[in-house]
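Everything on this sheet refers to the single structure shown next.
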Amino acid sequence: MDERYAFRDIEARWQARWEAERTFRAEDLSELPKHYGLEFFPYPSGAGLSVGHCRNYVPTDAYFRFKSMCGFNVLHPMGWDAFGQPAENEAIKRGRNPREMVPEYAASYRQTLRRIGASYDWSREIDSSRPDYYQWTQWFFLLLYHRGLAYRASTPINWCPACKTGLANEEVEQGRCWRCETTVEKRPMPQWYFRITDYAERLLADLETIDWPDGIKQMQREWIGRSEGADVDFAVAGRSETIRVFTTRPDTLWGATFMVLAPEHPLVELITVPERRAEVDAYVRRASTETDIDRMSAERAKTGIDTGARAVNPVTGEPIPIWVADYVLMGYGTGGIMAVPAHDQRDFEFARRYGIRIDLVYAHPEGPRSGEEMARALPDGGSMLDFTPAPGARTPKAPFAGLPNDRATVRKVIAWLEEHGVGTGRVYYRLRDWLISRQRYWGAPIPIVHCGACGEVPVPERDLPVLLPDVDQYEPSGTGESPLAAIPAFVSTACPACGGAARRETDTMGGFACSSWYFLRFADPHNASAFADRRLVDYWLPVDTYVGGAEHAVMHLLYARFWTKVMHDAGLLAFSEPFSRLRNQGTVLAYTLGRRPRLGERADGEDGGEGIVDWIVLRPDERESCPPDQVVFRWVKMSKSKGNVVTPDEIAERYGADSLRLYLLFVAPFEDNVQWSDEGVHGAHRFASRAWRWCVSAMRAQTRSAPADAARGVRARRKLHQTIEKVTAGLEGFRFNTAAAALMELVNELYLYRPADAEPGADASDPAIVSEALDALVLLIAPFMPHMADELWSRLGREGSTYRAAWPRHDPAVAAEERVTVVVQVNGKLRDRVEVAAGASEEDTRAAALASPRIAELLAGRTVRKVVVVPGRLVNVVAN
RNA sequence: GCCCAGGUGGUGAAACUGGUAAACACGCUAGAUUCAGGUUCUAGUGCCCGCAAGGGCUUGGAGGUUCGAGUCCUCUCCUGGGCACCA
């Protein structure tokens, strides 16, 4: 009877040993090639880590252990994204100080990560809310400031009346606060911005240089939103003003039969004719009170009003009406558009509704020849018509008649417009500057002083950090000002320039500031005189493998890329992209019972899931009384408020951390969502025990010799080398599930060769083969089940952890199959299989297939038209 | 509406470049073994017809290309995610 797999003892023992021996310490400036592996640093929440979080941390841990075994000097650090609103909101809810909460929660996270065998170098732990960290966040703010990339502007900001704070554009979803779903209002407020728009082109272009999922790159491209076209100036008839518009289709200028200005456009006031003024004013006023949701609803019929003013189409010379309509936005382009109803569906609908002329620019020979005949706009196709300009035109007759409706024509038209001084080729971006300031307590204070005499003065570097004061009251003030504004000792200071009385800036930086550079700090986390030593940054960075959830696909990643480029430009970094390779893990979903909400009912979650929702978690005491037709079943992300959290600790207690790890690696491809199942863990546990039994029994076998079953030995050895190859490729490609499947196949094969219950001397296995398999298997399972692997490794008499052991190599000669099965098809239908030597030629393969009695029988009396041979794979006989 | 990712057994899934569809697991069925056991082992398990040999069908649906399609092309339906009057 073999020893049982005592995972609780083994795991506790090895965790203690790894810690005591500092097994996962990364070595600065080592001779070895480095691999910097990083997961998005978490915000430590009171809810603790669930197995859902492990879906991120376990596969990456397996990968980084694998890299270490492959001879890389691995940096695998962990830290806490502790500043920001999640932490502050939780502190407010619990009536506690975030300063005390963060270390407690971090300790709990650290404990759980240790429990699942994660290989972090804890000597590099960082906490973004500590002065020794945010001092450098402030330092970077000053760097941006001095480079002209941080500025203060008073703009109407999004104001959430419930959170009593300003929101970035990115934090507003469909006109509502992304956190509490309250309708967002507009409020003028001086705010700090980072000029990320200066980097739009580079942020777009450099996406080509990095290994990221295509979907994420695409989302970034759309966020940046580059569009190419031309600025065109329209003269206002009878006035000196001109209206500048941006268009992606300057080639359709000949069909621009009206213009539309956004209601907020400054020219509306100036150009509206007296007799239309009252109506236009009323329309503008109505538009300003409408919520964004109403205004952005695409279903709503377009409304607008004629200003009575006329513009002159520069190429046709025709006067065209100028309208005001709320579907044109002041925040994009120039706030005004030229409308071409013949070739833009939106303009077409508007023109039809208000009886505006529709002129074709492109037409098909057999298509409609006039606006009246059209049922809808023709955005593409056709060839350009011939136009004769009216006397008011600023250009001569255009030479484009007959050209196709494509980008080449657009480019020709732009060149021609430039030549005649009517338009200029231009690129617009949807990307807007990054609103960085928050009127919140829990963030890094912005290191600026406002002086009556000197104005805005940056805090000198030697005076950093600007410490966040300890306070009792850190709730948002509700006046729109930061709680810091209520602390005289913080606010009043001396001007660094003139020494006179001055006021500190009281806004803090949003959490994205801290997370835009933290990956640099891990290179040198305790440095007190710089954000990091240049040599260490040059050695460790950029991050080789960065892994996290797709929910950060745009903002965090874009901001981190931006900061990196700024630092690169400042000569601080040799590289300009922070994350060479990015991967996104899937989410763990857990089954949850809920009910339909009552009218107007809101959910009030502990950690997310607040607001208006279409279902509400059923409390245990409601389960009986809830009418069946009101019950809903949902697979949702684990969270405390959903009551569906499974903790790693409970699973590790029952099945062991190694079984949990194997389960998470095996269930599904890394990037897929998975539905949590206890049974799945049980299956993983079975494999773990099975592997353990085989190894333990194989160790006893080594000491004796017996007549060997040579053929089986060759098979077992071949399988071993094939498995090394598969697992190596699988880990490198983040295909953990198939790598684990390969391990299972290997263990199944080894059981056939030497059953785990074989008595010493009774089986026919070759000790040399068993020993080779044992060594390799222990190393192969190490990234998956490191505790078990280290225990077995030490029992094999090896020193230290498998973490520092060399990853096994496969011998292609041993892995190669001697004979292969070739499939024989007749007219594409599988009819027989024949065995041939592995390297058999096309002729031999064909001959073997045709020699099959079954095939001969099937072909009797038929004519063979063709025989397709794929050596090593199949033969397909095409017959009548 | 637009963009992205997906639809494969009872379940999670596998199939790198077109070449044996369903590897590996979970579950289920039968047998053996042991026990205090949620143990272990062996065999079976896509669907339909058939006692069997064997045959037919099958990767959301419909067409197409090919000797051959889960994989390529066209259309279409469904699911998940993102963006949304962007000029």
Side-chain angles (χ1 to χ4, degrees), chain A residues 1-2 4 173-174 213-219 221-223 225-227 229 232 245-250 252 259-260 262 295-300 302 325-329 331-340 344-347 349-350 428-430 550-551 553-554 587 654-655 662-663 666-669 671-675 677-687 689-690 693 729 733 735 737-748 751 755-757 821-833 854 865-870 872-879:
Chain A
M1 203 35 221
D2 277 315
R4 289 199 51 175
E173 287 166 354
Q174 308 202 327
D214 289 338
I216 303 286
K217 287 192 188 183
Q218 193 51 34
M219 282 164 78
R221 281 186 203 109
E222 272 169 28
W223 194 266
R226 182 183 202 274
S227 57
V232 180
V245 299
F246 172 67
T247 172
T248 54
R249 296 297 307 272
T252 61
M259 301 187 74
V260 186
R295 224 175 128 174
M296 289 195 297
S297 162
E299 280 85 61
R300 199 178 61 152
K302 290 166 189 31
D326 61 6
Y327 77 88
V328 174
L329 308 174
Y332 183 76
T334 63
I337 61 164
M338 67 175 213
V340 184
D344 181 282
Q345 184 59 26
R346 210 177 22 178
D347 296 344
E349 285 165 21
F350 194 87
Y428 270 88
Y429 299 92
R430 182 161 37 214
E551 66 274 15
V554 179
T587 312
R654 237 164 106 196
Y655 297 105
L662 185 73
Y663 165 73
F666 179 64
V667 249
E671 61 281 1
D672 284 11
N673 291 344
V674 302
Q675 300 175 345
S677 114
D678 279 358
E679 279 153 4
V681 188
H682 184 240
H685 180 70
R686 257 172 48 178
F687 172 73
S689 313
R690 201 168 138 83
R693 278 197 306 276
R735 293 186 301 272
N737 56 331
T738 50
L743 282 176
M744 291 173 183
E745 282 187 59
L746 172 62
V747 171
N748 289 345
Y751 260 78
D757 56 3
T821 303
V822 167
V823 171
V824 188
Q825 297 178 332
V826 176
N827 289 340
K829 291 220 177 278
L830 175 65
R831 288 292 122 114
D832 200 9
R833 296 176 167 88
R854 255 183 68 70
R865 291 228 183 83
K866 187 175 170 187
V867 181
V868 180
V869 181
V870 183
R873 278 235 129 95
L874 65 49
V875 175
N876 187 13
V877 184
V878 186

If I pick the C1' atom on B:rC47 and the same atom on B:rA36, what distance separates them, to the nearest angstrom? 43 Å
How far, in whole Å, is B:rG70 from B:rU8 if one measures between their P atoms? 15 Å
Is it the case that A:Arg690 places NZ or CZ above or below the six-membered ring of A:Tyr751, under 6.0 angstrom from the centre and within 45 degrees of the axis? yes
Applying a 3.5 Å limit to both distances, which nucleotide forms a Watson-Crick or G-U wobble pair with B:rA13? none
When the distance from CD of A:Gln218 to P of B:rG82 is rounded to whole Å, what number comes out? 16 Å
Suppose you measure atom C1' in B:rA84 against the same atom in B:rC77; what distance do you get, rounded to whole Å? 24 Å
Nearest nucleotide by nearest heavy atom, which residue falls closer to the 5' end of RNA chain B, A:Arg249 or A:Thr821? A:Thr821
Sugar-phosphate only, base, or nothing, as touched by A:Asn748 at under 4.0 Å among non-hydrogen atoms: sugar-phosphate
Atom CG of A:Leu830 and atom P of B:rA22: how far apart are they, to the nearest Å? 10 Å
Take the protein atom OH of A:Tyr332 and the nucleotide atom P of B:rC86, then report the distance between them rounded to whole Å. 9 Å
Considering only heavy side-chain atoms of A:Lys829, the closest of B:rG56, B:rG19, B:rC24 is B:rG56
Name the nucleic acid region contacted by A:Gln825, choosing base, sugar-phosphate or nothing; use a 4.0 angstrom heavy-atom cut-off, strictly under. base
Residue A:Arg831, side-chain atoms from C-beta onward, closest of B:rC85, B:rC67, B:rG56: B:rG56
Distance, P atom - from B:rA14 to B:rA22, rounded to whole angstrom: 15 Å
Side-chain N or O of A:Arg346 less than 4.0 angstrom from OP1 or OP2 on B:rC86? yes
Base of B:rG9 relative to its sugar, syn (within 90° of 0) or anti? syn
Any donor-acceptor N/O pair, A:Asp832 side chain to A:Val824 backbone, under 3.5 Å: no
Within the structure provided, determine whether A:Arg226 and A:Tyr428 are in side-chain contact (heavy-atom separation under 4.5 Å). no
Do nucleotides 36-45 of chain B as a string where each nucleotide becomes B, S or -: B if the base has a protein heavy atom under 4.0 Å, S if just the sugar-phosphate does, - if no protein is that close. -BB-SS----
For atom NZ of A:Lys217 and atom C1' of B:rG82, their distance in whole Å: 18 Å
Whole Å only: how far is the CG atom of A:Asp678 from the P atom of B:rG27? 12 Å
Assigned partner base of B:rG80, Watson-Crick or wobble definition, under 3.5 Å: B:rC4
Taking the side chain as every heavy atom from C-beta outward, state whether A:Met259 and A:Ile337 have any atom pair closer than 4.5 Å. no
In terms of side-chain heavy atoms of A:Asn876, which of B:rC85, B:rA87, B:rG68 is nearest? B:rG68
Please report the distance, rounded to the nearest Å, between NZ in A:Lys866 and P in B:rU66. 10 Å
Hey, are the side chains of A:Val875 and A:Val867 touching, using non-hydrogen atoms and a 4.5 Å cut-off? yes
Before we go on, tell me: are the rings of A:Tyr327 and A:Phe350 under 6.0 Å apart, centre to centre? yes
Between A:Tyr332 and A:Ser227, a side-chain donor and acceptor under 3.5 Å: yes
Give a yes or no answer on whether the side chain of A:Asn673 reaches the backbone of A:Thr587 with a donor-acceptor pair at less than 3.5 Å. yes
If we only count heavy atoms from C-beta on, is the A:Val681 to A:Glu679 side-chain gap below 4.5 Å? no
Heavy-atom neighbours of A:Arg873 CZ exceed 12 at 6.0 Å: no
Paired with B:rA43 by Watson-Crick or G-U wobble geometry, both distances under 3.5 Å: which nucleotide is it? B:rU29
Atom pair CG/CG of A:Leu662 and A:Leu743 - distance to nearest 0.5 Å: 8.0 Å
Pairing check on B:rA23: which nucleotide meets the Watson-Crick or G-U wobble criteria with it, both distances under 3.5 Å? none
Any side-chain heavy atom of A:Arg854 sitting closer than 4.5 Å to one from A:Arg831? yes
Whole-angstrom distance between B:rU65 and B:rC73, as gauged at atom C1': 7 Å
For B:rU76 versus B:rG19, give the span between their P atoms, rounded off to a whole number of Å. 28 Å
What does B:rU65 pair with, Watson-Crick or G-U, if both distances are under 3.5 Å? none
Assign A:Gly683 to base, sugar-phosphate, or nothing according to its heavy-atom contacts below 4.0 angstrom with the strands shown. sugar-phosphate
Between CG of A:Asp344 and P of B:rC2 the distance, given in whole Å, is 15 Å
Between B:rU59 and B:rG38, how far is it from one C1' atom to the other, in whole Å? 35 Å
Name the closest nucleotide to the A:Ala741 side chain, picking from B:rG27, B:rU20, B:rA23. B:rA23
Picking from B:rC67, B:rG27, B:rC3, the nucleotide nearest the side-chain atoms of A:Val878 would be B:rC67
Evaluate the side-chain proximity of A:Arg249 to A:Asp344: yes if any heavy-atom separation is below 4.5 Å, no if none is. no
As its Watson-Crick or G-U partner within any shown strand, both distances under 3.5 Å, B:rC51 has none
Figure out the CE/P separation between A:Met219 and B:rC2, and round it to whole Å. 19 Å
Can you tell me the base-pairing partner of B:rC86? Count Watson-Crick or G-U wobble geometry only, both distances below 3.5 Å, and say none if there is no partner. none
From the set B:rU20, B:rC24, B:rG19, return the single nucleotide nearest to any side-chain atom of A:Glu745. B:rC24
Closest to side chain of A:Trp223, choosing from B:rC24, B:rC83, B:rG55: B:rC83
Complement of B:rG18, any strand, by Watson-Crick or G-U distances under 3.5 angstrom: none
Could you measure between the two C1' atoms, the one in B:rA13 and the one in B:rG50, and give it in whole Å? 32 Å
Using heavy atoms to find the nearest nucleotide of RNA chain B for A:Phe687 and A:Gly335 separately, return the residue whose nucleotide is more 5′. A:Phe687
Protein-to-nucleotide contact annotation, 5' to 3' order, nucleotides 5-17 of chain B [B base; S sugar-phosphate only; - none; under 4.0 Å, heavy atom]: -------BSS---
